[in-house]
Amino acid sequence: MIKITLPDGSVKEFEKGVSSHDIAMSISEGLARNVLSAKVNGEVWDSTRPITTDATVQLLTWNDLEGKSTFWHSSAHVLAEALEEIYPGVKFGIGPPIDNGFYYDVDLGDQEFGEDDLAAVEKKMLELARNKNEFVRTDVSKADALKYFKEKDDEYKIELIDGLEDGTITFYQQGNFTDLCRGPHIPNTGIIKAIKLMSVAGAYWRGDEKRKQLTRIYGITFPKQKELTEYLEMLEEAKKRDHRKLGKELELFTFSEKVGLGLPLWLPKGTILRERLENFMRKAQVKAGYDPVVTPHIGSKQLYVTSGHYEKYGADSFQPIKTPNEDEEFLLKPMNCPHHCEIYKSKPRSYKDLPVRYAEFGTVYRYEQSGELHGLTRVRGFTQDDAHIFCRPDQVKEEFVKVIDLVLYTFKALGFENYTAQVSLRDPDNKEKYIGADELWERAEREIQEAADERGLSTVAVQGEAAFYGPKLDFMVKDALGRSWQLGTIQVDYTLPERFELEYTGADNQKHRPVMIHRAPFGSMERFVAVLIEHCGGNFPLWLSPDQIAILPISEKYQDYAQELHTTLSEKDIRGFLDNRDEKIGRKIRDAEVMKVPFMLIVGEKEAAEGKVSVRRHGEGDLGSMSIEDFIGHFEQKSAL
RNA sequence: GCCCCCAUAGCUCAGCUGGCCAGAGCAACUGACUUGUAAUCAGUAGGUCGUUGGUUCGAAUCCGACUGGGGGCUCCA
């Protein structure tokens, strides 16, 4: 007999070799039906795998992240099985579960495969699922594993097996399909009731641009048809929040082929929104002791040779701008920091002057690959709410903490609650991708972590995500479709001060090197606005709304009163428009509602006579009539941050 | 840059397996109506069907290339 400890702390005895499924059965049959896999001593196992020692067991169902992963991983195998039946000779790369479903990378040889072909595969998958084939786990030797896939002529699996240790290799079989797989899997394919293949994409084998591109098929499955329907409805809803769609509908921004790819044009309403955000940040920065600076959009090539940007990105970026003078070249600025370094150098600095904080809404240009461009979130020209803090080494942590506070204040003011903080570190295997000495990196990484801890931020460390000159603390927010975007970023940099030979005179009358902190709470105005649009679905907080009010006269007889009202409100910095069209009031209301104008002020005979306005709130309806003063009071209360 | 999908009027879209003048709604313009809480009525104008080669007696429709958009991959100072 062995002892099984369950999550509630209870301990039960079972025969040696009991499976998690059996354990579930001992609790209830219903539970057993829902068990997809189980965490045995912290490791996720098949629910059918025998347990031979004392163990803690946590049963995993659809409600557990790991349960879902198991389900989707198994679904990927069913996808592979279906593909093999329809396209004999297909070779398989990898087929893992992801946040929303799963994919399988396959090599279909010369076969063309497009989205039209998904339906047939989907149908085959459903057929295979209905067979309720069991997933069978077997241990295989490395030699046997290689032999199996050599016979199948699947070079991808062979490469994967080559990287594995003999004695740790397992195969899983369901129906007629056998795959190299660590597992675990669900008991049988019958649990998969609803299947949707979402899309086809190209993906490089092992993520390497230089290797063969495989066909990646994305799909998602559910244990109930209803859940699939709900998921698809959720996607439809998310599409309505897409910033590209809302940006067009609400007349915030546009793109023009003639202007160029990835170069956004801000329309008047979008510009107001953006300027309000900028003013918000300016105010916060003044309070936090920043000094505004302005620098040009281009800089001599030499500036970026010094900073290291040219060496790192020169060839893959916008090419230098030439002048009539030979050998004179300028670059569109990809970052503001080199310019700010030169501002720092404009006069001698004392230790008493530090920290110096230079802030600029600096527009930068980066040549992103065409396939990467995406609405406002990924563009070739954008404006950072940039600032560089030059401080003494002993001030780094304190300054870093202050920046964290600024970022958190910003997020809070704009209602972003679901962000994650990521400590972005070097890729330890590719140190040559970065500049700067090891000990400086280690020190910077330590300081970032300490500062984050001091503010109680829960962080995730991710290797290989650092900037080339230093580690970062990045704030990530998800868009409407669940894709993660980096907004705010804070970076400690010991390297640029070296390269630019920045110094200050210490109390000891010696020259010392300052430390730089790069930071941008919004990240870029473009990306931030995009994520904000999706976050609030176009219903901006009142203080940000491009049009805060719409004045809607009942008929042209009340235009004078409406005009007067418009002027009065403008003087109070309440922004909006007067709808003077020869339309019925219902029509004017509808149009203002569609444009998501927060307040509609309806004025007719009664209002004109009594000096009042009828107030209608977007999405809520008629609030009744009130005096103009009362409305202004109400508005100011609602628009406060 | 690479893989897959898409491209018809300012916007949203219809035009089936190639064959009468390429259509609708909204927006625009003109006129009438002078309006009380989510679309007043009538009329007018607007498209070399993304561009460019080809197949065909005939192409918006089939094929190729290019350009742009979308979903991914790679990349992201």
Side-chain angles (χ1 to χ4, degrees), chain A residues 103 105 108 112-118 198-218 239 242 244-245 248-249 254-258 260-261 304 307-314 316-317 333-338 364-375 377-380 384 433-435 465-470 472 481 483 485-486 489 491 493 496 518 527 552-559 581-594 600-607 614-625:
Chain A
Y103 66 80
D105 283 346
L108 289 156
E112 284 212 7
F113 190 87
E115 262 152 43
D116 296 342
D117 302 305
L118 292 177
M198 306 298 295
S199 62
V200 180
Y204 299 102
W205 172 233
R206 306 215 125 174
D208 186 343
E209 208 172 341
K210 289 172 192 70
R211 305 196 63 177
K212 180 151 184 178
Q213 188 160 48
L214 305 179
T215 303
R216 175 170 296 179
I217 300 171
Y218 283 92
K239 266 192 209 157
D242 191 312
R244 293 165 299 184
K245 180 174 153 65
K248 187 186 269 183
E249 287 171 2
T254 189
F255 288 89
S256 148
E257 216 176 297
K258 219 166 212 161
L261 291 189
Y304 301 102
S307 70
H309 291 100
Y310 187 77
E311 185 195 351
K312 181 95 176 104
Y313 292 101
D316 301 319
S317 198
K333 73 173 166 186
M335 285 193 87
N336 305 299
C337 33
V364 297
Y365 299 88
R366 299 177 185 177
Y367 185 81
E368 305 289 357
Q369 297 186 80
S370 62
E372 254 325 304
L373 302 172
H374 179 93
T377 52
R378 200 67 195 277
V379 287
R380 284 180 173 166
Q384 297 176 310
K433 271 169 64 180
Y434 309 91
I435 57 177
E465 290 290 313
F468 76 94
Y469 49 74
K472 310 187 283 179
L481 291 167
R483 287 175 296 214
W485 295 100
Q486 177 201 309
T489 179
Q491 311 168 3
D493 181 2
L496 277 188
H518 308 239
R527 178 173 293 180
L552 313 178
I554 297 283
S555 84
E556 70 185 17
K557 287 187 223 154
Y558 315 109
Q559 272 189 28
R581 293 175 302 168
D582 287 348
E583 292 289 351
K584 293 174 99 164
I585 192 65
R587 174 54 181 274
K588 294 183 184 182
I589 287 171
R590 188 192 139 77
D591 287 349
E593 286 281 355
V594 167
M600 285 148 274
L601 305 179
I602 292 135
V603 292
E605 190 177 357
K606 224 168 20 175
E607 289 79 8
S614 265
V615 181
R616 183 187 162 99
R617 185 79 217 239
H618 167 69
E620 288 176 28
D622 195 355
L623 300 185
S625 75

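Sequence lines set the chain letters: A, B, ... in the order given, protein chains first and strands last, and positions in each chain run from 1. Excluded from the calculations below are hydrogen atoms, water molecules and symmetry mates; all remaining heavy atoms, backbone and side chain alike, are included.
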inquiry  = Heavy-atom nearest nucleotide on RNA chain B for A:D316 versus A:E257: which residue maps closer to 5'?
reply    = A:E257
key: Of A:Y469 and A:G114, the one whose closest RNA chain B nucleotide lies more 5'   = A:G114
request  = Would you please confirm or rule out a distance under 4.0 Å between OP1 or OP2 of B:C3 and any side-chain N or O of A:T215?
outcome  = no
ask   = Side-chain N or O of A:K248 less than 4.0 angstrom from OP1 or OP2 on B:U12?
value = yes
ask   = Side chains of A:E607 and A:S625: is there a donor and an acceptor less than 3.5 Å apart?
value = no
Face-on cation placement of A:R380 at A:Y365 ring, 6.0 Å and 45° thresholds = no
For the side chain of [X], starting at C-beta, report the closest nucleotide among [options].
X: A:R244; options: B:C73, B:C76, B:G71; answer: B:G71
X: A:L261; options: B:G68, B:C73, B:C75; answer: B:G68
X: A:E115; options: B:G72, B:C5, B:G71; answer: B:C5
X: A:R378; options: B:G69, B:G71, B:C76; answer: B:C76

request  = Can you tell me the distance, in whole Å, between the NZ atom of A:K212 and the P atom of B:C4?
outcome  = 12 Å
task = Between protein and nucleotides 30-41 of chain B, map the contacts as a letter string: B base, S sugar-phosphate only, - none, heavy atoms under 4.0 Å, written 5' to 3'.
result = ---BBBBBBBB-
query = Below 4.5 Å, heavy atoms only, C-beta onward: do A:V364 and A:P334 meet side chain to side chain?
reply = no
inquiry  = Counting the atoms with a prime plus P, OP1 and OP2 as sugar-phosphate, which does A:G371 contact under 4.0 Å by heavy atoms, base, sugar-phosphate, or nothing?
reply    = base
Hey, does the side-chain of [X] have a donor or acceptor N/O within less than 3.5 Å of a partner on the base of [N]?
X: A:R211; N: B:C73; answer: no
X: A:Q213; N: B:C2; answer: yes
X: A:R216; N: B:C4; answer: no

inquiry  = The test is salt bridge (charged side-chain N to carboxylate O under 4.0 Å, His left out); show your working for A:E605 and A:K557 and say whether it passes.
reply    = CA-CA 8 Å; A:E605 190 177 357; A:K557 287 187 223 154; over 6 Å; no
key: A:D493 to A:H518 - nearest heavy-atom pair and separation   = OD2-NE2, 2.8 Å
request  = Would you check if the side chain of A:K588 reaches a backbone N or O of A:I602 as a donor-acceptor pair within less than 3.5 Å?
outcome  = no
request  = For A:R366, check side-chain hydrogen bond (donor to acceptor under 3.5 Å, both in side chains) against everything at least two apart and list the hits.
outcome  = none
